[in-house]
Amino acid sequence: MAFPESFLQELKARNDITEIVSSYVSLKRRGRNMVGLCPFHSEKTPSFNIYTENGSFYCFGCGVGGDVISFIMKIENLDYVEAVKFLAQRAGMELPDSGYDDSMSKLRRRVFEANREAARFYYATLISPKGAKGLEYFRGRCLSDKTIRRFGLGFADDDWSSLCNHLKQKGFSENEIVAANLGVKRRNGNGIYDRFTNRVIFPIIDVRGNVIAFGGRIMTDEKPKYLNTSDTPVFKKSANLFSLNNAKSSGSRTLILCEGYMDVIAVNQAGFQNAVATLGTALTVEQALLMKRYADEVIICYDADEAGQKATARAIPILRNAGLDIRVLTVPNGKDPDEFIRSHGADGATAFKLLIDKSGNDIEYRLNKLKSKYNVELADGKVSFLKDASKVIATISSPIERDVYISKLSSELSVDKNAIVKQVNSIARRNGKEEYKKEITNIQKNLSRQTDKIDTEHHKKPRSSSAEESLVVFLINNPDYAKIISDAVSPDKFQNTLMRRYYTYVLDRINNGLDPLTNIAADFTSDEASYLYRIMSRSVKSASTESAMYEYINVINEESQKLSNKDIADMSSEQINDYLKKIRKNKQ
């Protein structure tokens with residue numbers, strides 16, 4: 001059973017979707033709807049729509065859609081029950097006593113509790129005789145006791161069952177410990193053992209203060225040097241950031257993006273609480289969008305080695321596409337931020353602040369990197385540099401910003417400005433044509449539906465599937481026609497499996513006096529719910545007339561009588577003749 005219908009309707013009424021979304025996304029009015037940049041994918045042109053009349057949202061860019069519950073589920077990484085609780089608490093509503101399946105919610109809660117207990121255990125081990133090696137490591141990195149406590153740093157000893165035994169004593173089952181990825185099942189199936197051993201531990205905490213995962217650094221030369229929690233019911237490595245819980249409370253709309261845990265902690269200890277790091281992976285689009293929620297600018301502060309420079313080059317377009325301003329901080333002498341701050345002793349914070357103040361934006365960084373590759377004192381070097389530099393400048397959308405860099409290059413290299421302008425414009429036009437071709441190709445793929453991962457059957461029978469889609473949308477918008485439609489079209493006439501499920505579901509709810517969409521987020525997967533809102537958002541007014549309804553019904557009934565090629569191949573000549581007569585009769 002789901003939550004009571006009346007409770008969900010009141011929940012949505014007291015949590016206006018425009019008000020909820022506007023706390024995460026900057027919205028502007030466009031006619032009856034509100035639009036903004038999608039928080040779920042990178043885009044420069046707003047394609048994220050709020051439909052105020054029916055309390056739904058849909059993004060034409062990435063295809064995500066739903067109601068206010070769906071939005072909170074996705075933006076806060078919550079399951080259905082947790083999202084309902086989140087909105088109920090916000091609206092000051094009491095949850096019903098029972099009547100809903102909260103098994104996943106209970107598992108997530110137990111994983112959170114196990115992680116919290118594990119963090120306490122690791123910290124207690126660190127400050128005990130067993131943790132001497134770990135404490136020596138942290139103090140050798142110049143971390144104060146205050147910093148160690150603030151980040152909840154810990155130590156996993158070399159006993160392969162310490163944590164698992166501790167958690168079992170605290171009442172956690174083996175399945176719960178494994179679900180949290182704190183323990184691993186033995187290959188022979190007999191029992192579990194600790195995931196982290198002989199490592200200093202870095203708890204990963206989300207913006208709500210929950211311990212969601214751990215990172216561990218080995219105390220020997222064994223590999224891997226760093227080990228992180230795998231994805232769990234409460235943690236997705238590619239969608240979280242280390243120390244974002246501290247950074248969001250720093251009062252700054254600038255984030256310092258570091259490469260690892262120790263860099264973040266060292267920068268933080270030096271007085272810069274707005275530092276974050278990815279979790280053992282290269283920067284992802286999800287992480288960039290997460291940063292956009294809390295910042296307008298990101299200062300990339302990766303290591304100065306070759307790997308760090310490559311990571312910087314890869315991160316720049318991801319952050320720029322997320323709508324973030326970018327600066328790049330270059331640490332001198334090939335040091336990482338942690339080494340740099342420690343090398344300056346008591347003046348480490350001041351020295352690091354000077355680096356921040358001197359950091360240039362991403363365009364300046366890329367141009368300087370290119371310039372270092374060529375001898376611009378020579379004609380060949382100057383030409384090669386300007387060709388590559390023009391490619392960088394051509395990616396700038398702002399005409400003013402383009403002109404600034406072109407003028408600067410012209411002055412520095414004593415090259416006619418008009419020549420550089422022509423080169424940049426030529427590259428920009430070529431890039432525009434390539435982007436246009438990609439866009440056309442994507443549109444063609446979308447129209448053919450051959451690459452559709454949700455409705456995999458549409459392209460096989462597009463005529464019947466399109467009519468079925470339109471009839472489902474008509475039924476949702478016009479529930480008074482339910483009896484007429486159900487008498488004219490039975491579910492078995494639907495040839496598209498997903499449309500048949502929608503149709504049966506919507507009819508059943510209407511026949512029971514319920515709103516068709518109130519519980520959609522609970523009764524379908526996130527992708528299936530989004531897809532339903534997709535076909536609803538793409539319907540046009542002319543498709544909602546009574547005459548259009550009868551046309552959909554006729555197409556569905558007509559198409560349902562058609563046989564497949566295999567069916568026809570198995571028929572006798574007499575059966576084929578009877579089938580053809582039937583088709584001709586239906587067309588009269």
Side-chain angles (χ1 to χ4, degrees), residues 11 14-15 17 19-25 39-40 68-95 102 104-123 149-154 172 176 179-182 201-215 228-253 255 261 264-265 268 273-279 284 286-295 521 526:
L11 182 81
R14 291 171 64 172
N15 285 281
I17 191 167
E19 185 181 338
I20 295 290
V21 173
S22 63
S23 63
Y24 300 90
V25 180
F40 305 123
V68 69
I69 299 174
S70 307
F71 180 82
I72 290 298
M73 286 173 66
K74 189 156 183 70
I75 198 91
E76 292 288 349
N77 190 31
L78 302 175
D79 66 25
Y80 178 75
V81 175
E82 288 172 327
V84 170
K85 289 179 179 178
F86 179 99
L87 291 170
Q89 185 176 13
R90 179 185 179 277
M93 294 174 62
E94 291 287 335
L95 283 175
D102 63 347
M104 178 52 72
S105 181
K106 285 179 178 177
L107 176 60
R108 283 169 59 92
R109 186 171 67 249
R110 291 294 284 169
V111 170
F112 280 133
E113 290 170 354
N115 283 339
R116 185 172 64 248
E117 187 58 43
R120 290 170 177 161
F121 178 81
Y122 287 139
Y123 177 76
R149 284 194 304 273
R150 183 163 183 262
F151 280 88
L153 304 181
F172 293 96
E176 289 169 341
N181 200 222
L182 294 168
I201 298 294
F202 303 87
I204 300 162
I205 301 170
D206 68 14
V207 292
R208 291 185 294 278
N210 299 307
V211 180
I212 55 175
F214 298 90
N228 294 290
T229 300
S230 301
D231 287 358
T232 73
V234 304
F235 175 66
K236 186 179 179 184
K237 190 184 301 184
S238 62
N240 287 280
L241 293 162
F242 178 66
S243 196
L244 184 60
N245 58 309
N246 293 313
K248 85 176 186 71
S249 303
S250 67
S252 173
R253 290 290 296 176
L255 291 176
Y261 303 123
V264 169
I265 295 171
N268 208 292
Q273 296 183 22
N274 54 332
V276 298
T278 52
L279 303 168
T284 67
E286 289 172 290
Q287 289 166 334
L289 292 170
L290 179 60
M291 282 189 265
K292 178 61 179 172
R293 285 169 55 184
Y294 300 99
S526 175

Practice task
Verify side chain to side chain contact (heavy atoms under 4.5 Å, CB included) between Ile212 and Ile205, making sure each step is shown before the conclusion.
Solution key: CA-CA 6 Å; Ile212 55 175; Ile205 301 170; over 6 Å; no
Problem - Qualifying residue for side-chain contact (heavy atoms from CB on, under 4.5 Å) with Pro39, from Leu290, Leu289, Ile75 - result: Ile75
Minimal non-hydrogen separation, [X] against [Y], with atom names:
X	Y	answer
Ala114	Leu182	O-CD1, 3.8 Å
Arg293	Arg253	O-NH1, 3.4 Å
Ser243	Val264	CB-CG1, 3.6 Å
Asn240	Lys236	ND2-O, 2.8 Å

Practice task
Verify side chain to side chain contact (heavy atoms under 4.5 Å, CB included) between Leu279 and Tyr261, making sure each step is shown before the conclusion.
Solution key: CA-CA 8 Å; Leu279 303 168; Tyr261 303 123; 4.0 Å; yes
Handout entry: Side-chain heavy-atom pair Asp206, Asn77 within 4.5 angstrom cut-off
Key =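 Asp206 vs Asn77: side chains apart.
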Problem - Student check: side-chain heavy atoms of Asn181 and Phe235 closer than 4.5 Å - result: no
Problem - Asp79 side-chain N/O to Ser105 backbone N/O, donor-acceptor pair under 3.5 Å - result: yes
Practice task
Without swapping roles, check the side chain of Asp231 against the backbone of Lys237 for a donor-acceptor pair under 3.5 Å.
Solution key: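 The answer is yes, because a donor-acceptor pair under 3.5 Å joins these two groups.
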Practice task
Applying salt bridge (Lys or Arg N to Asp or Glu O under 4.0 Å) between Glu82 and each of Arg108, Arg109, Lys106, report the one that passes.
Solution key: Arg108
Exercise for the section: To the nearest 0.5 angstrom, please state how far the CG atom of Asn210 sits from the CG atom of Asn115. Expected result: 9.0 Å
Completion exercise
Distance col, row Leu241:CG vs Glu286:CD, nearest 0.5 angstrom, shows 10.5 Å
Exercise for the section: Under the side chain to side chain contact (heavy atoms under 4.5 Å, CB included) rule, what do Ile20 and Ile72 come out as? Steps first, then yes or no, please. Expected result: CA-CA 9 Å; Ile20 295 290; Ile72 290 298; 3.7 Å; yes
Exercise for the section: Answer yes when Glu113 and Arg110 have at least one side-chain N-carboxylate O distance shorter than 4.0 Å, and no when they do not. Expected result: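 Answer for the salt bridge query: yes.
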Problem - Pairing of Glu76 and Lys85 as salt bridge, 4.0 angstrom limit - result: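 The answer is no: the pair does not qualify as a salt bridge.
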Exercise for the section: Report the C-alpha separation of Val211 and Phe112 in whole Å, then their side-chain angles, then the decisive distance to 0.1 Å, and conclude whether the side chain to side chain contact (heavy atoms under 4.5 Å, CB included) test is met. Expected result: CA-CA 6 Å; Val211 180; Phe112 280 133; over 6 Å; no
Problem - Phe71/Tyr24 aromatic ring centres below 6.0 Å - result: yes
